[in-house]
Amino acid sequence: MQQPTPPGTADAPCSVTGTPPPSVLGLNTYLMYATGKAARRRLTDALAAHGLRLWHLTILAMLDEAGRLSKGDLATRLDMNQSDLTRTVTDLDAAGYVECARDASDRRRIEVALTPAGRAALTRLQADVTGTETELLAALDHEERERFTDLLRRVHGRLEEGRAGGSAARAGQEPAVGRP
C-alpha cells in the first residue's frame, strides 16, 4: 500500500541528492558559502591529520613571513582574540614549532618565533594545503585558477577595506546598549 503524501508537500521541491534548487545556484553568495564550506572542511581534515587547526597554520605562516613577533602584535595582525592566540601559541610551543621568550627590554612582552621544526612543519602543511587546493579547483585550468585567485583577492580586499573603515568609524563611538 502506498503512503499518502502529507498535505502541502506534493508541489514542494524535494532534493534527494542534496542539490539546492536552481534559483539558489544562481546566487553568487550561496555559491561562495557552499564552496567555502567544502573548502574549509577539506582544509580542516588536511590540518587535522597533523593534529593542527587553521589558526596553527596561520600563526606559523605569519611568523615565517614576519619573523619574531610579540603575542600582542600577532593578535593584532591576525585580528585574533588574545586568549585564543595564547592557547594556539601554547599548542605550537608544546609541539616544538615555536619558542616563546620574554622581551629583554620589556619583560611583560612575550615574543614568539618559529623554530626549525616549525618551519619544517609549515613546509609539510603547505604541501598538503596545496594538494587540497588542487583537488578543490580541479574543474579549472591553470589560467582560470589564476583569474579566480585574482578575483577572490579583489573581493576579499574590498571586504577588508570596508571592515577596516567600519572599525575606524566605530572606534570613536560609545558602544551601543547591550553590546560588549
Side-chain angles (χ1 to χ4, degrees), residues 11-69 71 73-81 84-85 87-89 91-98 112-169:
D11 296 330
C14 178
S15 178
V16 176
T17 63
T19 303
S23 61
V24 173
L25 291 174
L27 299 171
N28 285 330
T29 50
Y30 173 79
L31 293 172
M32 287 189 293
Y33 162 77
T35 303
K37 186 175 172 184
R40 185 176 180 102
R41 186 173 37 251
R42 287 182 172 96
L43 179 58
T44 298
D45 290 347
L47 294 171
H50 298 275
L52 300 173
R53 295 181 318 276
L54 183 55
W55 277 124
H56 293 116
L57 171 65
T58 306
I59 289 171
L60 292 174
M62 177 62 76
L63 293 171
D64 185 52
E65 292 175 20
R68 178 181 298 270
L69 292 170
K71 284 185 178 181
D73 288 343
L74 263 173
T76 299
R77 287 181 182 216
L78 298 174
D79 191 23
M80 188 174 184
N81 177 291
D84 291 339
L85 177 110
R87 277 193 301 275
T88 307
V89 167
D91 293 345
L92 292 169
D93 188 29
Y97 295 158
V98 301
V112 184
L114 194 61
T115 64
R119 189 163 279 109
L122 181 59
T123 299
R124 287 189 306 273
L125 291 170
Q126 288 171 329
D128 282 358
V129 168
T130 298
T132 299
E133 188 171 293
T134 299
E135 175 194 330
L136 282 165
L137 300 177
L140 306 176
D141 65 31
H142 179 73
E143 290 163 2
E144 290 171 324
R145 286 179 193 195
E146 286 183 356
R147 179 73 175 141
F148 183 66
T149 299
D150 289 342
L151 293 170
L152 283 174
R153 281 192 181 125
R154 205 159 89 202
V155 169
H156 180 264
R158 175 73 175 178
L159 293 172
E160 286 298 303
E161 286 173 12
R163 191 173 66 85
S167 296

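Position 1 is the first residue of the sequence; numbering continues from there. Just so you know, these numbers use all the heavy atoms, side chains as well, and skip hydrogens, waters and symmetry mates.
- Residue Leu114 comes nearest to Tyr97 through the heavy atom pair CD1-O, 3.5 Å, listed as atom of the first residue, atom of the second, then distance.
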Under 3.5 Å, which donor-acceptor pairs link side chains of residues 41-53 to any protein atom two or more places apart or in another chain?
from	atom 1	to	atom 2	distance (Å)
Arg42	NE	Glu135	OE2	2.9
Thr44	OG1	Arg40	O	2.7
His50	NE2	Asp128	OD2	2.5

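- Side chains of Leu78 and Trp55 form a contact here, defined as non-hydrogen atoms less than 4.5 Å apart.
- By the salt bridge (charged side-chain N to carboxylate O under 4.0 Å, His left out) test, Asp141 is found to be paired with no residue, residues two or more places apart in sequence or in another chain being considered.
- Residues Glu144 and Ala139 come closest through the heavy atom pair OE1-O, 4.1 Å.
- Evaluation of the side chain to side chain contact (heavy atoms under 4.5 Å, CB included) rule for Ala113 yields Arg68, Glu99 as partners, not counting sequence neighbours.
- Annotation: salt bridge (charged side-chain N to carboxylate O under 4.0 Å, His left out) contacts of Arg87 (sequence neighbours excluded): Asp84.
- Side-chain contact check for Asp93 versus Val112: every heavy-atom pair is 4.5 Å or farther apart.
- Residues meeting the salt bridge (charged side-chain N to carboxylate O under 4.0 Å, His left out) test with Arg147, sequence neighbours left out: none.
- Rounding to the nearest 0.5 Å gives a distance of 11.5 Å between NZ of Lys37 and OG1 of Thr35.
- Summarising the geometry of Gly96 relative to Ala117, their closest heavy-atom pair is O-CB, 3.6 Å, with the distance given to 0.1 Å.
- At a threshold of 4.5 Å between non-hydrogen side-chain atoms, the residues Leu57 and Leu122 count as touching.
- Using a 4.5 Å cut-off on side-chain heavy atoms (C-beta onward), Met80 and Leu74 make no contact.
- Remark: the backbone N or O of Leu137 is paired with a side-chain donor or acceptor of Arg145 at under 3.5 angstrom.
- Counting heavy-atom neighbours within 6.0 Å of Arg124 CZ, excluding the residue itself, gives a total above 12.
- Distance NE2/His56 to CG/Leu54: 10.5 Å, rounded to 0.5 Å.
- For the salt bridge (charged side-chain N to carboxylate O under 4.0 Å, His left out) test, residues two or more places apart in sequence or in another chain that qualify with Asp64 are Arg119.
- In this structure, CG on Leu140 lies 11.5 Å from CD on Glu146, to the nearest 0.5 angstrom.
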